[in-house]
S.K.: 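Mind having a look at this structure? Questions to follow.
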Amino acid sequence: MRALWVLSIAAFAQDGAALYRQSCAVAYCHGADGTAGRAPALAGIALSPLRLAGVIRSGIPDKGMPKFEGTLNEDAIYAITQYIKSLPAVAGPSTAAVARRPLTAPEKEGRAVFFDATRMGSCGACHEADDWGSPVVKIETVPADPAALRAFRSTRIKTYKSGSESFPGLAVSDGVVYDLSSPLPVRRRLKATSTPAEWRHDLSRYSDTELSAALRFLRAVQK
Ligand code: HEC
C-alpha cells in the first residue's frame, strides 16, 4: 500500500517536472530545478503542498505571480506541488549531513512556529534553519528574548523606489533585490534608487510565547 503511494507520488512528481518547466521556470520567473530566477527560489520552500497549491491557484496579486486557476487543472497543480516538494533545498553549508542531537519537545514546538504553513509569511519564508525554509536572509545572531527580536532593526534593508513604487528590499547583487513587502520575498531585477532605511520585523501576529519557542528552536539548530 505504502509502496504504491510512493510510486504514484513519484509519477506525479515526474509529470510535475514537465509542467513546472512549461509553467513556472519560463523566462524570468522561477529558475530551472527550483533555483531562484527573477522570482523566489522554490526548492526547499517552507510551504506545505496545500499552501503551495493555493499560491499557484490564486497567484500573488501585485507581485507578478500569475494565478493558474483556469489554466492548470487540479491534477496539474497537484503534480507541480509534488515536484517542487521533491526538489532538494538549495545547497548550502548547512545541508551537509551533520550529526545533530535530536530536538527536544519544546524545540520542536519552536520549529512548528518557525515553519507554520498556515501563516502566509512565516519565519521560514525568509530564513533557513535546520535545512528547511528559504535562505533569503541569513540569521547571524539569535536575540536573547522576544523583546530583543521585536526591537531588532536591520540596517541592511533599504527603501527602494522604482517609478511610483516604493518597497523595503534587500540587495542580493547588482540590480537584484528581494522585495520584502510581500509575505513571500520576491526576487526582482529592476532599475531602482535606494535610500537608507531601518527595517523591523512585523511580528504583531506572534505572541511572546510563540517567539520564545521560535528562538529556542533557532538556538538549538545554530551550531
Ligand atoms: C519578510 C522576511 C522575514 C520574515 C518573514 C522573518 N524575518 Fe527575520 N529577518 C529578516 C531580515 C531582513 C533580517 C535582517 C537581516 C540583517 O540585517 O542581516 C532578519 C533578521 C532576523 C534575526 C537576526 C536578528 C539579530 O539580532 O541579528 C532573527 C533571529 C530573525 N530574523 C528571526 C525571525 C523569526 C523568529 C521570524 C518569524 C517569527 C522571522 N525572523 C521572520 C527578514 C524576515
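In listed order, ligands and their atoms are each counted from 1. Along the sequence shown, the residues carry numbers beginning at 1.
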S.K.: As an exercise, identify every atom of ligand 1 less than 4.0 angstrom from a heavy atom of Tyr206.
M.R.: 38 (C)

S.K.: Give a yes/no verdict on whether any heavy atom in Leu149 is under 4.0 Å from an atom of ligand 1.
M.R.: yes

S.K.: Counting each atom of ligand 1 from 1 as listed, which ones have a heavy atom of Ser122 under 4.0 Å away?
M.R.: 5 (C)

S.K.: Numbering the atoms of ligand 1 from 1, which are under 4.0 Å from a heavy atom of Ile157?
M.R.: 12 (C)

S.K.: Any nitrogen or oxygen of His201 lying under 3.5 Å from a nitrogen or oxygen in ligand 1? Just yes or no.
M.R.: yes

S.K.: In ligand 1, which numbered atoms sit nearer than 4.0 Å to a non-hydrogen atom of Leu211?
M.R.: 38 (C)

S.K.: Numbering the atoms of ligand 1 from 1, which are under 4.0 Å from a heavy atom of Leu203?
M.R.: 38 (C)

S.K.: Measure from the side-chain N and O atoms of Arg216 to the backbone N and O of Pro106, and report whether any donor-acceptor pair falls under 3.5 Å.
M.R.: yes

S.K.: One thing to verify: whether Arg119 and Glu210 come together as a salt bridge, which I'm taking to mean a side-chain N less than 4.0 angstrom from a carboxylate O.
M.R.: yes

S.K.: Return the residue, atom name and 0.1 Å-rounded distance of the protein heavy atom closest to atom 15 (C) of ligand 1.
M.R.: Val137 CG1, 3.4 Å

S.K.: Considering heavy atoms of the protein only, find what lies nearest to atom 1 (C) of ligand 1 and give residue, atom and distance to 0.1 Å.
M.R.: Cys126 SG, 2.8 Å

S.K.: Determine yes or no for a side-chain-to-main-chain donor-acceptor pair under 3.5 angstrom, with Arg219 supplying the side chain and Ala144 the backbone.
M.R.: yes

S.K.: Could you label the plane-to-plane angle of the Phe115 and Trp132 rings as parallel, tilted or perpendicular, counting under 30° as parallel and over 60° as perpendicular?
M.R.: perpendicular

S.K.: Is there a side-chain contact between Ser134 and Pro185 in this structure, where contact means two heavy atoms from C-beta onward sitting under 4.5 Å apart?
M.R.: no

S.K.: Looking only at non-hydrogen atoms, find the nearest pair between Ser212 and Pro146 and report the distance.
M.R.: OG-CG, 3.3 Å

S.K.: Is any N or O atom of Thr141, backbone or side chain, closer than 3.5 Å to an N or O atom of ligand 1?
M.R.: yes

S.K.: Give a yes or no on whether a salt bridge exists between Lys158 and Glu198, defined as a side-chain N under 4.0 angstrom from a carboxylate O.
M.R.: no

S.K.: For Pro143, take its heavy atoms, then give the atoms of ligand 1 lying under 4.0 Å from any of them.
M.R.: 26 (O), 29 (C)

S.K.: Under 3.5 Å between some N or O of ligand 1 and some N or O of His127?
M.R.: yes

S.K.: Which protein non-hydrogen atom lies closest to atom 26 (O) of ligand 1, naming both residue and atom, and how far is it?
M.R.: Phe152 CD1, 3.3 Å

S.K.: What's the separation between atom OG1 in Thr141 and atom CZ in Phe152, rounded to the nearest 0.5 Å?
M.R.: 6.5 Å

S.K.: Could you find the nearest protein heavy atom to atom 18 (O) of ligand 1 and give me its residue, atom name and distance?
M.R.: Arg156 NH1, 2.7 Å

S.K.: Using distance alone, decide if ligand 1 has a nitrogen or oxygen within less than 3.5 Å of any nitrogen or oxygen in Trp199.
M.R.: no

S.K.: How many angstroms lie between atom OG of Ser154 and atom CZ of Arg200, to the nearest 0.5 angstrom?
M.R.: 12.5 Å

S.K.: Out of curiosity, Tyr206 OH to Phe114 CZ, how far, rounded to the nearest 0.5 Å?
M.R.: 9.0 Å

S.K.: Among Ala151, Pro146, Ser154, which one has a heavy atom closest to atom 17 (O) of ligand 1?
M.R.: Ser154

S.K.: With a cut-off of 2.8 Å, does any N, O or S atom of Cys123 fall short of it relative to atom 8 (Fe) of ligand 1?
M.R.: no

S.K.: Assess, by modelled atom type and distance only, whether the side chains of Thr104 and Glu107 contain a donor and an acceptor separated by less than 3.5 Å.
M.R.: yes

